[in-house]
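Quick notes on the structure that follows.
When a residue number appears, it is its place in the shown sequence, counting from 1. As the structure is a computational prediction, the values presented were derived from the model and not from experiment.
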Amino acid sequence: SALCTFSSEQYGLGQDVSSMLQYAPEVFDLLISSTAAIAARALSRSADAERFAPFPSGIEITDRTSKIKTFMNGSSNNYALISEVISKLPSVRDMAKYPNTSALRTALDAQHPLAFPLLRWILTSNRTHLAKLKPEEHISSVPTSHQYLMLSATPARERVFQQRKAQYGSFWAFHGSGFFNWHAILR
């Protein structure tokens with residue numbers, strides 16, 4: 001809701017962006033990149049715009065000139081502005097060097113007034129837990145060093161899965177999807 005977004009943005013409630021950047025930079029990079037990919041896809045193929053869900057429609061700030069800035073263009077999603085703001089973000093490696101969220105926010109505000117709110121939204125709208133796998137955990141038949149574990153089940157559902165796994169067994173299955181779909185899949 002707009003009130004939750006306002007509270008989160010204005011009062012710094014929720015996850016600490018700077019700590020998350022330092023703790024899991026690869027995960028944050030994946031989240032930013034997937035948001036950039038769906039924004040670019042929505043711009044180039046309007047039929048794919050509905051795949052940009054959720055959309056940061058609740059982000060609204062007042063800039064130094066008292067003008068309200070948002071990612072909405074009237075009642076339409078402004079994919080071009082999302083792409084513009086993401087293009088102004090420093091690399092994740094550079095953002096992780098800031099000692100705290102306040103310093104990071106000051107630096108991002110200088111790039112674009114919506115940069116920090118978007119970055120925070122990208123983090124807080126992700127409902128899954130992502131962790132980059134250690135090399136010894138990699139699936140050898142998948143030839144990339146960019147492998148992640150994604151957890152999205154509640155503890156109760158995980159418990160049921162583990163019980164059924166013990167009873168019936170399990171197997172690995174792989175599913176491919178265009179990177180522009182990952183924004184919605186991860187949320």
Side-chain angles (χ1 to χ4, degrees), residues 1-130 178-187:
S1 78
L3 178 59
C4 290
T5 300
F6 174 81
S7 296
S8 179
E9 293 300 318
Q10 299 302 315
Y11 299 115
L13 303 175
Q15 297 181 4
D16 179 56
V17 177
S18 181
S19 296
M20 184 65 179
L21 277 166
Q22 293 166 11
Y23 173 73
E26 300 91 355
V27 171
F28 219 140
D29 193 48
L30 177 67
L31 294 172
I32 293 167
S33 297
S34 68
T35 304
I38 188 56
R41 181 75 174 208
L43 279 170
S44 67
R45 293 183 45 144
S46 60
D48 288 336
E50 67 187 38
R51 295 179 188 200
F52 196 147
F55 187 84
S57 56
I59 294 177
E60 189 175 283
I61 60 126
T62 305
D63 69 9
R64 291 181 209 112
T65 64
S66 298
K67 183 176 179 184
I68 294 175
K69 300 239 183 226
T70 178
F71 289 110
M72 300 302 294
N73 188 6
S75 62
S76 300
N77 297 341
N78 191 339
Y79 305 109
L81 183 56
I82 294 271
S83 292
E84 175 190 332
V85 171
I86 289 175
S87 74
K88 293 180 184 241
L89 293 175
S91 71
V92 168
R93 182 178 309 197
D94 288 342
M95 288 190 285
K97 293 176 183 174
Y98 288 95
N100 56 50
T101 298
S102 178
L104 174 64
R105 182 176 195 140
T106 299
L108 293 181
D109 284 349
Q111 298 300 313
H112 194 285
L114 288 168
F116 182 80
L118 179 61
L119 189 67
R120 184 177 188 100
W121 179 86
I122 289 171
L123 169 64
T124 59
S125 66
N126 176 41
R127 296 185 307 180
T128 61
H129 172 74
L130 293 170
F179 190 56
F180 59 89
N181 288 324
W182 288 27
H183 171 80
I185 291 168
L186 294 172
R187 288 163 175 82

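S83 approaches A39 most closely through the heavy-atom pair OG-CB, 3.6 Å. The shortest non-hydrogen separation linking S18 to Y98 is OG-O, 3.4 Å. The minimum heavy-atom distance linking A115 with L89 is given by the pair CB-CD2, 4.0 Å. Of all heavy-atom pairs spanning L81 and N78, the tightest one is N-OD1, 3.0 Å. Here the closest heavy-atom approach between residue P117 and residue R105 is recorded as CG-NH2, 4.3 Å.
Within the 4.5 Å cutoff, no side-chain heavy atoms of L118 are placed close to those of H112. Side-chain contact between I122 and P56 is absent, with no heavy atoms from C-beta onward closer than 4.5 Å. Side-chain atoms of T35 and F52, non-hydrogen and from C-beta on, do get closer than 4.5 Å to each other.
From Q111, atom CD reaches atom OG of S87 across 9.5 Å, with rounding to the nearest 0.5 Å. Distance CG/L104 to CG/D109: 9.0 Å, rounded to 0.5 Å. Distance check: M95 CE to T101 OG1 gives 12.0 Å after rounding to the nearest 0.5 Å. In this structure, the separation between CZ on F55 and CD1 on I38 is 11.0 Å, given to the nearest 0.5 Å. Atoms CZ and CD1, on F116 and I61 in that order, are 12.0 Å from each other to the nearest 0.5 Å. Separating the CD atom in E84 from the CD1 atom in I82 is a distance of 10.5 Å, to the nearest 0.5 Å.
Here the rule is side chain to side chain contact (heavy atoms under 4.5 Å, CB included) with V27, and of D29, L30, L31 only L31 fits it.
Surrounding CD of E50 are at most 12 heavy atoms belonging to other residues, nucleotides or ligands under 6.0 Å away.
The closest donor-acceptor contact from the side chain of N77 to the backbone of Y79 lies at 3.5 Å or more, if one exists at all. A distance-only check finds a donor-acceptor pair linking the side chain of T70 to the backbone of I59 [under 3.5 Å].
If you look at Y23 and F28, their ring centroids are not closer than 6.0 Å.
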